[in-house]
Participant: 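I have a structure here, written as structure tokens, and I will follow up with some questions on it.
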Amino acid sequence: MKLKNKKYKAEIAVFLFLACFCSHLFITNAWAHPGHTDSRLAELNDYLMALQVMRHSDPDAELLFQRWQELREASWKIRELTDEHDLPIDDPEVAVQIERTIELREALLVDCRTFFREKTSVLPTVRIHLDDQLNIHWDEPVVTAPVGSRGVILVEITSSRSHHAHLRLTGEANDHILFWAKSLMVTDQNPVYTFIYAAPLEEGPAKTSITVNWADRESNSFPVHVDGTLPATYEWYNHVPAATMFDMDHREDEEYQDENRMVKEKAGQPIRFHIRDHETGEPMPVRVEVRDDAGNAYWTPLRGPSYAVERDQAGFQTPLWPFQQGPFFYIGGDAELGVEAEGKTVHIYRGFEYEPVVMPVPEDGLVNTAPRRWIDMPSKGWYSGHTHIHTTDVGLPVQYSRFWPLVTRAEDFGVSSILTLQGERDTHSIYADEYPMGRLDSHSTQDHHIIFGEEYRNNPYGHLALLDLEYLILPVSSGSLGEIGGPDYPPNQFILDEADSQGGLTIGAHFGHYFMDGRPILSSWPSTGFELPVNVALGNLHMAEIYGAGGQEEIWYKFLNSGFDLPATAGPDWVMKDAPRAYVYIGQNSFTTDNWLSGLRQGRSFITKGPMLFFTVEDKLPGGHLHYPNRPQTITVNASALMPDGSIPVEIIVNGEVVASGTDIAETITLEDSAWIAARTEGAHSNPVYVTLEGRPRGYAGPAREFIEVTEQLEEWVRTKALFENEEQKQTVLNVLAEGKAVYENIIRRAERLGRE
């Protein structure tokens with residue numbers, strides 16, 4: 001009898017699951033959204049971003065935020081059943097868990113709407129209403145907020161129209177008044193809310209304008225004024241639990257005063273830093289490590305602009321110098337460490353172009369020796385940067401934007417790309433979510449640019465770094481990483497199409513990580529990137545992240561050998577200390593974000609963990625193309641790799657094979673067929689120069705067959721384990737995968753015809 005009961009309950013669960021999905025499908029179709037994303041998921045993520053700002057001062061917001069944590073646990077339970085228990089997605093037990101998750105999500109969405117409706121009587125609120133025309137009601141008050149804080153301005157959108165309406169909201173770039181451009185759908189059934197953030201960085205007034213476009217019918221705008229007030233507050237930055245000390249000025253820090261008092265009582269000298277650039281005489285931001293003879297590290301308390309990191313093993317290994325474990329701290333040039341100078345050794349670093357200083361701390365405690373350049377890459381037209389970072393330290397969400405100028409300059413990054421990311425922490429639904437897409441003017445200088453992008457993620461499909469976007473693509477992640485029970489839809493290809501339509505630069509993050517090693521596909525890390533072969537084949541994946549967290553050089557070679565022009569880039573992901581970076585050639589052009597991203601997109605660059613790599617083919621820089629009417633063809637290659645002590649060995653690579661090696665190469669090689677050519681050394685790799693002979697397209701059959709096998713593995717997962725709201729979504733994904741496979745099948749046929757296995 002129990003077995004029958006269990007079977008009956010399972011059948012009921014499946015019925016309810018399907019019924020729920022069918023009703024949800026009706027809503028989804030009525031609420032179309034760019035990129036094939038369910039607008040309700042996007043709406044809920046928008047609410048969660050606001051709640052994580054408000055939760056520290058509003059108990060009701062905190063309760064709603066805890067409800068999200070319950071929802072994310074329920075969402076991951078679905079994946080636990082399919083991954084750890086190996087149940088198919090249509091198993092009755094899985095169906096019951098999906099139903100529970102959707103119920104939690106729908107209840108949270110309704111309660112969020114109620115919460116924000118009630119807040120319209122408390123918070124400054126812009127009211128937008130649609131009937132026969134677009135109506136905006138906003139008294140244009142001056143919203144005051146302490147410097148360094150973040151206040152919420154509500155935008156309530158209602159409609160008396162029976163049909164849905166599409167609104168597009170955009171804001172003028174302003175680092176003091178923040179607005180994320182959005183596409184929203186509204187009906188007469190429910191109000192929709194979105195948010196403007198008052199986030200003054202300095203005292204005084206700031207003004208911006210928000211434009212509302214109603215499809216092709218009507219456009220209107222309204223102004224927003226914010227007045228930054230003192231005293232400043234940095235509570236916004238201080239709500240993430242972390243074993244990290246940070247402060248811009250510890251002059252009133254009791255711990256520092258106590259430590260410094262103890263130093264003085266011992267008649268010792270505290271360590272003082274006065275670091276100046278040898279060329280300009282200006283204060284030089286640097287990374288510092290202080291140890292005694294026993295190896296003990298001293299890193300806090302500090303006085304002066306600083307950011308300290310209590311982490312062992314944080315950062316990357318570079319060939320330039322031995323790995324320093326930490327803890328360490330960043331200073332802006334002048335700082336004081338409340339530690340007695342006697343018996344201490346200091347290490348001072350500033351990126352890859354400067355030789356570090358290693359010295360005993362002088363008896364008087366004054367450290368004033370700055371690192372010196374061993375090479376000046378900007379003077380040669382090369383500028384550094386990375387394309388993927390979330391934190392200034394391992395495992396901490398980036399809610400510390402006031403430290404980015406200090407840390408990125410101390411590490412000497414020309415361009416730092418901070419990527420907005422979904423979930424994985426109970427403190428944040430989305431992070432780093434502090435600023436909209438684009439360049440952060442308030443934190444950038446002529447030589448150091450900080451820009452915001454997005455990491456869109458689905459573990460089986462892959463992680464995507466998206467730069468140069470006009471607007472954040474919501475809901476930031478699909479599938480399990482969405483953490484709200486959403487489907488494994490849309491495929492990453494649709495996200496790439498949307499980013500490309502914005503003019504964005506698209507990058508395969510952690511390129512090739514684990515997807516070709518025969519492991520079963522799981523919803524959690526490290527199963528990622530199985531859609532990458534299709535994305536590369538269909539043309540809207542512009543770059544491959546090779547140096548950083550998980551990039552695979554040999555798999556990059558396989559794509560190049562399949563015939564694709566695919567430049568490489570570098571992204572450190574979670575750490576910035578000695579992080580690998582890309583050097584982009586701009587030449588005599590101005591060092592602007594646009595020029596750097598343009599050169600990066602063209603592959604006019606090399607990636608490095610320290611060595612400086614120079615490479616040309618017939619005077620063509622990396623990313624260049626050469627065409628010859630005949631074959632074979634003899635061409636001249638030049639390559640050198642530099643370290644502070646001089647040249648190091650370099651290799652010339654043709655279609656993945658070493659054809660020449662040595663120091664300061666300048667020689668000719670003969671090509672029998674079309675090829676890609678690159679240079680590499682220990683810790684650095686150039687992007688290729690592409691050579692075409694007799695018009696014969698590049699491409700071999702072998703790697704193309706391997707990518708078909710990867711795609712077929714993903715197809716099986718989509719059929720049996722992926723979560724979809726209906727068969728149409730599943731079939732759409734399968735159609736995309738089939739389209740990508742067809743490209744590789746054509747490559748195989750062409751390669752066989754050209755005699756290339």
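This chain uses plain numbering: 1 for the first residue, then up along the sequence.
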Participant: Are any of the side-chain heavy atoms of Leu178 and Phe195 separated by less than 4.5 Å?
Facilitator: no

Participant: Evaluate the criterion side chain to side chain donor-acceptor pair (under 3.5 Å) for residue pair Thr387 and Thr569; output intermediate values, then yes/no.
Facilitator: CA-CA 7 Å; Thr387 51; Thr569 185; 3.2 Å; yes

Participant: What class does the angle between the rings of Phe494 and Tyr489 fall in, given that below 30° is parallel, 30 to 60° is tilted and above 60° is perpendicular?
Facilitator: perpendicular

Participant: Taking the six-membered ring for Trp, are Tyr193 and Phe116 parallel (under 30°), tilted (30 to 60°) or perpendicular (over 60°)?
Facilitator: tilted

Participant: For Trp180 and Asp46, run side-chain contact (heavy atoms from CB on, under 4.5 Å): C-alpha distance rounded to whole Å, both residues' side-chain angles, the deciding distance at 0.1 Å, then the answer.
Facilitator: CA-CA 10 Å; Trp180 283 254; Asp46 202 12; over 6 Å; no

Participant: With a sphere of 6.0 Å drawn around NE2 of His85, does it hold more than 12 non-hydrogen atoms of other residues, nucleotides or ligands?
Facilitator: yes

Participant: Would you check if Leu123 and Met54 make a side-chain contact, meaning some heavy-atom pair closer than 4.5 Å?
Facilitator: yes

Participant: Can you find a heavy atom in the side chain of Ser417 that is under 4.5 Å from one in the side chain of Phe452?
Facilitator: no

Participant: The criterion is side chain to side chain donor-acceptor pair (under 3.5 Å); which residues satisfy it with Thr158, sequence neighbours excluded?
Facilitator: His129

Participant: Do Asn45 and Gln422 have side-chain atoms, one donor and one acceptor, less than 3.5 Å apart?
Facilitator: yes

Participant: Flag the pair Asp86 and Lys721 as a salt bridge only when some basic side-chain nitrogen lies within less than 4.0 angstrom of an acidic carboxylate oxygen.
Facilitator: yes

Participant: Please confirm whether the backbone N or O of Gly482 pairs with a side-chain atom of Ser477, one donor and one acceptor, at under 3.5 Å?
Facilitator: no

Participant: Do the ring centers of Phe559 and Phe511 come within less than 6.0 Å of each other?
Facilitator: yes

Participant: Nearest 0.5 angstrom please: Leu104 CG to Leu109 CG, how far?
Facilitator: 12.5 Å

Participant: Measure the spacing between CG of Leu64 and CZ of Phe115 and express it to the nearest 0.5 Å.
Facilitator: 6.0 Å

Participant: Counting C-beta onward and ignoring hydrogens, is there a side-chain heavy-atom pair between Val736 and Val534 closer than 4.5 Å?
Facilitator: yes

Participant: Between Arg100 and Glu103, does at least one N-O distance fall below 4.0 Å, as a salt bridge requires?
Facilitator: no

Participant: Output the distance between atom CG (Leu44) and atom OG (Ser429), rounded to the nearest 0.5 Å.
Facilitator: 7.5 Å

Participant: Decide whether a cation-pi geometry holds between Arg168 and Tyr471; the criteria are a distance under 6.0 Å from NZ or CZ to the six-membered ring centre and an angle within 45° of the ring axis.
Facilitator: yes

Participant: Using atom types as modelled and distance alone, determine if a side-chain donor or acceptor of Ser149 lies under 3.5 Å from a backbone N or O of Ala145.
Facilitator: no

Participant: Is the charged tip of Arg79 near the ring of Trp76: under 6.0 Å from the six-membered ring centre and within 45° of its axis?
Facilitator: no

Participant: Donor-acceptor pair, Glu454 side chain versus Thr420 backbone, under 3.5 Å?
Facilitator: no

Participant: With a 6.0 Å cut-off on the ring centroids, do His513 and His463 count as close?
Facilitator: no

Participant: Where the side chain of Glu531 meets the backbone of Gly462, is there a donor-acceptor pair that is under 3.5 Å apart?
Facilitator: no

Participant: Using the six-membered ring of Tyr435, assess whether NZ or CZ of Arg150 lies under 6.0 Å from its centre and within 45 degrees of the ring axis.
Facilitator: yes

Participant: Of the non-hydrogen atoms in Lys730 and Val718, which two are nearest, and what is the gap between them?
Facilitator: CE-O, 3.8 Å

Participant: Which atoms form the tightest heavy-atom contact between Ala165 and Leu130, and what is the distance?
Facilitator: CB-CD1, 3.5 Å

Participant: Between Thr114 and Val110, is there a donor-acceptor pair closer than 3.5 Å when you use the side chain of the first and the backbone of the second?
Facilitator: yes

Participant: With rounding to the nearest 0.5 angstrom, report the NE2 to CG distance, His542 to Leu466.
Facilitator: 10.0 Å

Participant: Set out, in order, the CA-CA distance, both residues' side-chain angles and the distance that settles side chain to side chain donor-acceptor pair (under 3.5 Å) for Asn458 and Asp488, then state yes or no.
Facilitator: CA-CA 7 Å; Asn458 176 292; Asp488 290 291; 3.0 Å; yes

Participant: Pro460 and Ile521: which non-hydrogen atoms are nearest, and at how many Å?
Facilitator: CB-CG2, 3.7 Å

Participant: What is the distance from atom CD1 of Ile153 to atom CD1 of Ile196, rounded to the nearest 0.5 Å?
Facilitator: 5.5 Å

Participant: Please check: side-chain N/O of Ser501 versus main-chain N/O of Ala499, any donor-acceptor pairing under 3.5 Å?
Facilitator: no

Participant: Quick check: does any side chain N or O of Asn459 sit under 3.5 Å from a backbone N or O of Ser523, one acting as donor and the other as acceptor?
Facilitator: yes

Participant: Do the non-hydrogen side-chain atoms of Asp500 and Leu496 ever get within less than 4.5 Å of each other?
Facilitator: no

Participant: Keeping Asn213 on the side-chain end and Ser219 on the backbone end, is there a donor-acceptor pair under 3.5 Å?
Facilitator: no

Participant: Got a salt bridge between Asp131 and Arg161, using NZ or NE/NH1/NH2 to carboxylate O under 4.0 Å?
Facilitator: no

Participant: How far apart are the closest heavy atoms of Leu522 and Ser527, and which atoms are they?
Facilitator: N-OG, 2.8 Å

Participant: Run the salt-bridge test on Asp60 and Lys119 with the 4.0 Å N-O cut-off and return the result as yes or no.
Facilitator: no

Participant: Are Tyr197 and Phe179 near enough that their ring centres are under 6.0 Å apart?
Facilitator: no

Participant: Look at the side chain of Gln97 and the backbone N and O of Ala74, then say whether any donor-acceptor pair between them is shorter than 3.5 Å.
Facilitator: yes

Participant: Would you check, one step at a time, whether the test side-chain contact (heavy atoms from CB on, under 4.5 Å) holds for Gln133 with Asn135?
Facilitator: CA-CA 6 Å; Gln133 58 183 4; Asn135 303 284; 3.4 Å; yes

Participant: So, for Gly486 and Leu41, which heavy atoms are closest and what is the spacing to 0.1 Å?
Facilitator: CA-CD1, 4.1 Å

Participant: Quick one: does Ile507's side chain get under 4.5 Å of Leu464's, heavy atoms only?
Facilitator: no

Participant: Could you walk me through whether Asp58 and Glu62 pass the side-chain contact (heavy atoms from CB on, under 4.5 Å) check?
Facilitator: CA-CA 6 Å; Asp58 190 319; Glu62 171 64 21; over 6 Å; no

Participant: Are the side chains of Phe222 and Val212 in contact, using a 4.5 Å heavy-atom criterion?
Facilitator: yes

Participant: Evaluate the criterion side-chain contact (heavy atoms from CB on, under 4.5 Å) for residue pair Glu70 and Gln66; output intermediate values, then yes/no.
Facilitator: CA-CA 7 Å; Glu70 181 185 1; Gln66 291 175 7; over 6 Å; no

Participant: For Asn735, does the CG atom have more than 12 heavy-atom neighbours from other residues, nucleotides or ligands under 6.0 Å away?
Facilitator: yes

Participant: Nearest 0.5 Å, please: how far is CD in Glu725 from CG in Leu723?
Facilitator: 7.5 Å

Participant: Taking atom types as modelled, find out whether Lys182 and Thr194 have a side-chain donor-acceptor pair closer than 3.5 angstrom.
Facilitator: yes

Participant: Are Glu716 and Gln713 packed together at the side-chain level, in the sense that at least one heavy-atom pair is separated by less than 4.5 angstrom?
Facilitator: no

Participant: Taking all non-hydrogen atoms of both residues into account, name the closest pair between Tyr744 and Gly740 and its distance.
Facilitator: CD1-O, 3.2 Å

Participant: Any sub-3.5 Å donor-acceptor pair from Asn220's side-chain atoms to Glu218's backbone N or O?
Facilitator: no

Participant: Between Asn540 and Asn535, do the side chains contain a donor N or O and an acceptor N or O under 3.5 Å apart?
Facilitator: no

